[in-house]
Structure formats: structure tokens, C-alpha cells
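As C-alpha cells, the structure follows; a few thoughts come after it.
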Amino acid sequence: MSDTPEPTRDFIRDIVASDLEAGHTEQVVTRFPPEPNGYLHIGHAKSICLNFGIATEFKGRCHLRFDDTNPVKEEQEFIDSIQHDVHWLGFDWGEHLNYASDYFEQLYEWAEHLIRTGKAYIDDTAPDAMRAQRGTLTEPGQNSPDRYRSIEENLDLFRRMRAGEFPNGARVLRAKIDMTSGNMNLRDPVLYRILHATHPRTGDKWCIYPTYDFAHGQSDAIEHVTHSICTLEFEDHRPLYDWLIENLPVPSRPRQYEFARLNISYTVLSKRILTRLVSEKHVSGWDDPRMPTLAGIRRRGVPAAAIREFVRRIGVARAYSTVDVAQLDAAIREVLNPSAPRRMAVLRPLKLIIENYPAGQTETLQAINHPDDPSAGTRPITFGREIYIEQDDFMEDPPKKFFRLAPGREVRLRYGFFVTCNEIVRGPSGEIVALRCTYDPATKGGNAPDGRKVQATLHWVAAADAVAAEVRLYEQLFNRPDPGADGDVMADLNPSSMEVLRNCLLEPALASAPEGEAVQFERLGYFCRDRDCTPTRPVFIRTVGLRDTAKAQIEGNAQLRANADVLKRSARKAETRPG
RNA sequence: UGGGGCGUCGCCAAGUGGUAAGGCAACGGAUUUUGAUUCCGUCAUGCGGAGGUUCGAAUCCUCCCGCCCCAGCCA
């Protein structure tokens with residue numbers, strides 16, 4: 001995994017590079033600042049790759065800082081999972097694991113500083129009234145009656161807030177900026193609020209907590225962060241970020257830069273909605289393989305390198321965009337293709353009885369482990385009179401572009417022999433239960449001495465030693481590219497996002513596959529063994545399917561035939577219509 | 001209708017006055033014991049629209065259109 005792809009250029013890296021060149025920055029310091037109120041998702045991966053990537057490329061450092069300023073939403077479980085996920089993605093913060101809560105004392109002192117310089121005040125206005133006073137997007141706000149409280153009274157009140165003398169919501173500390181500003185964030189924003197809540201790290205030490213705006217920039221300054229990179233929705237906060245930095249005796253001067261957050265088609269990346277999916281049990285948990293969380297993606301069998309590659313490909317810009325989920329699949333295949341060992345597994349078995357093969361006899365064939373990598377070696381597989389192929393690989397009445405098995409047709413069994421289908425065995429209601437075939441012993445290994453060709457090679461397993469397994473196939477969690485665009489996101493949930501196949505058959509080598517490690521089921525896709533395995537029954541998850549151009553061709557062909565039928569029918573009608 | 005942003009191929013995205021990179025998707029073709037992979041090729045006289053400046057404009061100016069964010073004591 002040492003092949004480092006070309007680092008991409010983007011407007012933020014350009015800014016960093018020119019700051020370094022101009023000497024504005026000595027050593028670049030970035031930070032990834034999640035609030036520990038949920039699991040990380042692939043949108044965070046974009047930010048992580050950006051912040052840690054820049055630090056590495058420019059020989060700086062990147063901190064992991066928990067923005068834990070709201071104890072009512074934050075939990076230790078999330079603090080732990082976030083660290084795990086960042087490491088898994090392949091990044092390391094070294095010594096620089098920080099928490100905004102580490103700075104509560106310093107932040108408090110700076111709040112007093114603002115009071116002492118007349119730039120902040122305690123406001124007793126009730127929340128509803130404050131909202132009314134703030135004005136609207138088009139009308140200016142009104143000054144609070146408390147705006148002109150004396151410095152002494154403000155200081156006294158603030159200290160008593162800290163001492164716990166007042167209930168939640170009784171008063172707040174506000175910055176004294178401009179109630180008429182067109183930027184709502186500058187209309188005397190709240191800096192501290194009373195929250196009698198236990199904090200996952202500071203416990204009950206505090207009952208007043210700084211808001212995001214009062215904590216973030218100052219934390220950056222404390223850590224000497226040079227480039228504070230966040231998403232576009234914080235753009236309006238930048239003037240406030242700068243105002244605080246300029247009005248406080250902070251030890252450094254960080255700058256905020258914003259980029260467009262990631263959106264992916266057929267996917268939801270809102271923490272609020274992901275939390276609902278989990279709590280309302282639409283998925284099995286934060287690590288359900290359909291979830292866009294790093295935990296879910298990991299369980300699905302996607303390697304971290306694929307996420308990094310995906311992020312590298314999509315770039316960083318300020319334009320609002322939605323990346324096609326196919327782009328993610330492509331990155332996953334690109335990473336998995338060269339590394340995943342090949343195996344054979346039949347998901348929907350159809351029995352083949354090879355009539356000219358002696359009953360009770362088997363033989364061993366050699367299958368290669370990777371077509372592009374001879375050093376991956378080979379493995380033995382068993383062949384016998386009864387084998388299983390994929391139901392999809394047989395059609396009684398095949399359309400023109402269907403190359404696989406059909407009555408009277410000869411195909412190759414991969415690493416095995418040529419077989420020809422002679423007869424369909426039917427069950428009581430006429431369903432196909434097996435196919436009677438003959439094989440050509442001269443084609444052992446897969447080639448005919450007489451040089452004749454077949455149009456298809458099928459994967460298969462031998463009845464003699466196949467292992468029964470469950471395989472889970474996942475589709476997009478949502479059935480439209482823009483879930484929620486019409487209102488209720490949950491209404492766009494794809495009811496068939498998970499298909500569980502319980503009668504799958506694996507070649508024996510798969511039974512011992514390590515959990516979570518990708519293997520390619522030949523002709524089907526990349527899969528990995530899931531932790532839901534029992535001692536007697538392996539469970540595999542499909543990470544992503546192989547590109548399937550056959551499907552389009554066969555379906556396209558079927559569509560063409562349907563169209564042709566319609567044309568023929570209307571032509572016939574026209575002919576029979578009385579002149 | 002206040003403030004702040006954004007509009008370049010179906011989807012991302014370079015380009016910042018010198019005549020439209022690249023990736024994904026799609027479509028051809030070659031090789032193939034995975035209809036996979038790999039390889040070759042096609043795919044924006046055009047940069048939201050209209051004017052203007054210029055020898056020359058996606059890039060500069062003007063007007064217009066569309067979309068996103070902001071009225072939490074969330075982040």
C-alpha cells in the first residue's frame with residue numbers, strides 16, 4: 001500500500017503553497033475537528049484526507065481535535081469510534097490529540113477579557129424574545145436592553161453563571177458587535193450558555209459551555225493552526241472567527257478556508273438522518289454495510305485505500321456538487337482488482353449432472369489465484385459428476401446476445417472442461433431443477449485440442465465438497481439519486497436494499513477466508529467474510545459487483561426484441577386491416 | 001426584496017486574457033479460460049444567458065437567470 005498516487009492540486013493546497021513560499025507560514029498546521037456526536041462518514045473522509053494530506057505533503061502536522069463544546073449531544077462511544085476510524089483511514093495525529101474542552105479554562109478567561117474590554121455582555125433576554133430581537137434576513141435586529149450593562153455587573157453575573165447560580169437558559173454571554181449587520185452571525189452572537197449537563201470529559205466541572213463560534217477559532221489559535229479548513233456553510237462565520245481572533249490576546253493568527261462538502265448520489269450524508277436510520281432501525285447499526293459511515297464502508301469490505309483514492313479523484317473545490325456513486329464503486333474496484341484473490345462461488349445454484357462422468361468419482365484441478373499475478377499461485381479444486389452453476393448462466397430460450405449455457409450449447413467450466421447441455425430436468429410444476437450434460441474429457445484445463453472455441457466460461461462448484469453459505473447483496477439504501485428532495489427522506493428508502501441469499505455454495509477454500517478481507521467471486525464481484533458467520537455457516541457480503549457490460553447487452557437485446565415484436569405486431573395489424 | 005457564495009461535457013474537475021487537462025460514465029475496437037482486467041479510439045467550435053472591452057475572453061466589465069447557505073443558548 002506504499003504506492004502514493006500523485007497528490008492533486010486544489011485551491012486550498014495552492015493557498016498553503018503560496019503562504020509557505022511567501023513566508024507567511026513557517027510550518028503548516030491543520031486540524032480535523034469533529035464533534036463526537038455520531039460516527040464519521042465518507043464526507044468526513046474528504047475533510048480528513050484534505051487536512052492530513054496537506055500536513056503530510058507540506059511537511060507540517062495535523063491535529064485531531066474533538067469539538068466537544070455541547071455535552072448534551074456528545075458521548076465517549078463517538079470519541080472512541082472517531083479515533084478508530086481516522087486511524088483506519090490511514091492517518092495519524094501523533095501527539096496531537098486535543099479537545100476543545102482542554103481549553104475551557106483559557107476560553108473562560110478570554111470571555112472575561114471580552115467583558116473587561118466592553119465587547120461582551122450578559123443578556124437575560126429569554127430565547128423567544130432574543131429570536132424576535134434578532135430581526136430577520138431582511139430586517140435589522142434590535143439591541144437588547146441588557147446591552148449596556150456595566151462591565152462590573154457583567155463580570156459578576158458571568159462569574160455567578162460559572163458558579164452555577166442560574167438555571168439553564170437563564171442568561172447568556174453575548175459578543176457586542178452589530179445588531180444591524182446583514183450577516184446574522186454578527187448580530188451579537190451568543191458566546192456562552194448555561195448547560196447543567198455532564199460532559200464526557202470534564203464531568204460536572206462546568207455548567208457554562210462556550211458555543212462553537214467562541215471555541216473554534218481560539219482553539220485553532222491555541223494550537224497554532226495555520227489553515228483552518230471547514231465546509232462552505234461556515235463561510236458566514238468567518239467574519240466572527242476573525243473578529244474574535246482580533247479582539248482576543250490569542251497566541252497565533254489562524255485563517256479559515258472553506259470548501260464544498262461532499263454529496264453522493266443515492267446517499268445521505270447528514271449526521272441527523274444517519275442517526276435516525278440507526279435509532280429507527282432502518283439499518284442494523286452504524287456499521288450496517290449500507291451505511292455511508294466509515295464503519296459501514298469498512299464492514300462492507302471497502303479498503304481504506306479505496307476511500308483515499310475516491311477522495312483524491314473527486315477533488316476539492318467551492319462549487320456545490322453531487323458525486324455519482326459510480327465514482328466510488330470505480331475507486332473500490334480499482335483498488336481491489338489487483339489485490340483480491342479469485343475464488344468461485346455460486347449464489348443461486350443450478351445442478352449440472354454430467355452423465356458421462358463416473359458416479360462416485362472426483363478429480364482435482366488447479367485454479368489460478370490471480371490472472372494478472374502468477375506469484376499468487378494456484379489452488380486445487382474438485383471436479384465431479386455433479387456440479388453447480390449459476391441459475392443466471394442458463395437460459396432455455398436464450399436471446400441473441402446470451403452467450404452462456406443453453407440447450408445443445410457447449411460452454412467452458414472455468415479451470416475445468418467443456419460441457420454441453422443435453423436435457424432439462426423439470427420438477428413437478430415444470431420448473432427447472434437440473435441439467436443433464438456431457439463433458440469432453442479431452443478439454444481438461446479448459447482448452448480443446450481440436451481448437452474449437454466456446455463463447456462463455458462459467459464459474460462453478462462441485463457438489464462433492466461445496467460449502468453452504470449465506471451471501472448478502474446490498475444495493476443503494478435510497479432509491480433515488482437525491483433522497484429527501486421531495487420532503488421525507490425515509491420515504492425514499494429502498495425497500496430492497498439488502499437481499500439475503502441463503503443457499504449459496506462456495507468452493508472450500510473460501511470457508512477459511514479471513515474476515516473483512518476482499519476476495520473476488522469470479523464473474524460476480526468482490527466479497528468479504530462478515531463477522532455474522534457461525535462456526536458452521538459462513539456469511540459473505542458483497543462489497544461491489546464487477547462491471548457488467550453483459551447485462552446491458554442482453555437487456556438491450558431483449559429490449560430490441562420487444563420493440564421488434566411491437567413493430568411486427570403493428571405491421572401485421574396494418575396488413576390485415578381492410579383496405 | 002438583507003448578507004454571503006456557486007454556475008466549465010450525463011457526474012466530478014483543471015483552467016484566472018492567447019484560442020477548453022484529467023477522472024467517472026457512455027460508446028466503438030483489440031487481446032482475454034472472469035461478457036472482468038488490460039490496451040487503443042470516440043465523446044464541450046463550447047465554458048448559465050445577453051451585451052460590451054480586446055487583435056484575441058471560460059477568464060475583464062455591465063445587466064440578467066438559476067441554485068446553495070445564514071434568522072440554534074447545534075456544530
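The phosphate of B:A36 (OP1 or OP2) has a side-chain N or O of A:T549 nearer than 4.0 angstrom. Between A:R134 and B:G72 there is a side-chain polar atom (N or O) within less than 4.0 angstrom of OP1 or OP2. Phosphate proximity of B:A36 to A:R523: absent, as no side-chain N or O sits under 4.0 Å from OP1 or OP2. Contact check, A:T69 against B:C74: no side-chain N or O comes under 4.0 Å of OP1 or OP2. Contact annotation: A:T138 does not reach the phosphate of B:G3 (side-chain N/O to OP1 or OP2, under 4.0 Å). A close approach under 4.0 Å does occur between a side-chain nitrogen or oxygen of A:R193 and OP1 or OP2 of B:A75. Applying the 4.0 Å criterion to OP1 and OP2 of B:A14, one finds that A:R313 has every side-chain N and O outside that range. Contact check, A:R333 against B:U34: no side-chain N or O comes under 4.0 Å of OP1 or OP2.
Closest to the side chain of A:R547, from the set B:G7, B:C69, B:A26, is B:A26. If you check B:U37, B:A75, B:G3 against the side chain of A:D236, the one that comes closest is B:G3. Checking B:A13, B:G5, B:C69 against the side-chain heavy atoms of A:A317 singles out B:A13 as nearest. The side chain of A:R131 approaches B:A71 more closely than any other nucleotide in the set B:G4, B:U34, B:A71. When distances run from any side-chain atom of A:I554 to the nucleotides B:C24, B:G2, B:G35, the shortest one goes to B:G35. Of the candidate nucleotides B:U34, B:A75, B:G5, B:U34 has the atom lying nearest to any side-chain atom of A:Q520. Of the candidates B:C74, B:C73, B:A71, B:C73 carries the atom nearest the A:V172 side chain, counting heavy atoms from C-beta on. Looking at the side chain of A:A319, the nearest of the listed nucleotides B:A75, B:A71, B:G7 is B:G7. Comparing B:U37, B:A75, B:A25 against the side chain of A:D372 picks out B:U37 as the nearest. Of the candidate nucleotides B:G4, B:C73, B:U34, B:C73 has the atom lying nearest to any side-chain atom of A:V190.
Contacts of A:Y415 with the nucleic acid, taken as non-hydrogen atoms under 4.0 Å apart, include base atoms. Residue A:E522 is in base contact, counting any heavy-atom pair closer than 4.0 Å across all strands shown. If you check every strand for non-hydrogen atoms under 4.0 Å, A:S321 touches sugar and phosphate atoms only. Within the 4.0 angstrom heavy-atom criterion, only backbone atoms of the sugar-phosphate kind lie near A:V316; the bases stay farther away. Base engagement by A:P371 is indicated by at least one non-hydrogen atom pair under 4.0 Å involving a base atom. Contact annotation for A:T125: base contact, defined as any heavy-atom pair under 4.0 Å involving a base atom.
Remark: the A:H459 side chain and the B:A36 base include no donor-acceptor N/O pair separated by less than 3.5 Å.
For B:G72, the glycosidic angle deviates from 0 by 90° or less, giving a syn base.
Comparing A:R414 and A:D68 by the nucleotide of RNA chain B whose heavy atom lies nearest to each, the residue mapping closer to the 5' end is A:R414. Map A:N70 and A:R404 each onto its nearest nucleotide of RNA chain B; the residue landing nearer the 5' end is A:R404.
Separation of the A:F478 and A:Y266 ring centroids does not fall under the 6.0 Å cut-off. Two rings, from A:F383 and A:W460, have their centers less than 6.0 Å apart.
The separation of B:C11 from B:G18, taken at their P atoms, amounts to 28 Å, rounded to a whole angstrom. Using atom C1' as the reference point in both B:C6 and B:C12, the two lie 15 Å apart (nearest Å). Rounded to the nearest Å, the gap between the C1' atom of B:U8 and that of B:U1 is 31 Å. The gap from the C1' atom of B:G22 to that of B:A13 amounts to 8 Å, rounded to the nearest Å. A distance of about 45 Å separates the P atoms of B:C63 and B:C27, rounded to the whole Å. Between B:A25 and B:U42, the two C1' atoms lie 14 Å apart (nearest whole Å).
A 3.5 Å limit on both hydrogen-bonding distances identifies B:C6 as the Watson-Crick or G-U partner of B:G66. The partner of B:C43 is absent, by the rule that a Watson-Crick or G-U pair needs both atom distances under 3.5 Å. Both distances falling under 3.5 Å, in either a Watson-Crick or a G-U wobble arrangement, occur for no nucleotide opposite B:U37.
The shortest non-hydrogen separation linking A:F32 to A:S47 is CD1-OG, 3.5 Å. Contact record, A:I122 with A:N154: N-OD1, 2.9 Å, taken as the closest heavy-atom pair.
Residue ring and nucleobase are stacked for A:F403 and B:G35, with a centre distance beneath 5.5 angstrom and an angle between planes beneath 30°.
Residue A:E334 is tested with A:R312, A:R308, A:R313 for a salt bridge (Lys or Arg N to Asp or Glu O under 4.0 Å); the sole match is A:R313. Tested against A:Y241, the residues A:D213, A:D220, A:N185 include a single side chain to side chain donor-acceptor pair (under 3.5 Å) partner, A:D220.
Relative ring orientation between A:Y192 and A:F158 is described as perpendicular, the plane-to-plane angle rising above 60° on a 0-90° scale split at 30° and 60°.
At a threshold of 4.0 Å, the pair A:R523-A:E390 does not count as salt-bridged, since none of the basic side-chain nitrogens sits closer than that to a carboxylate oxygen.
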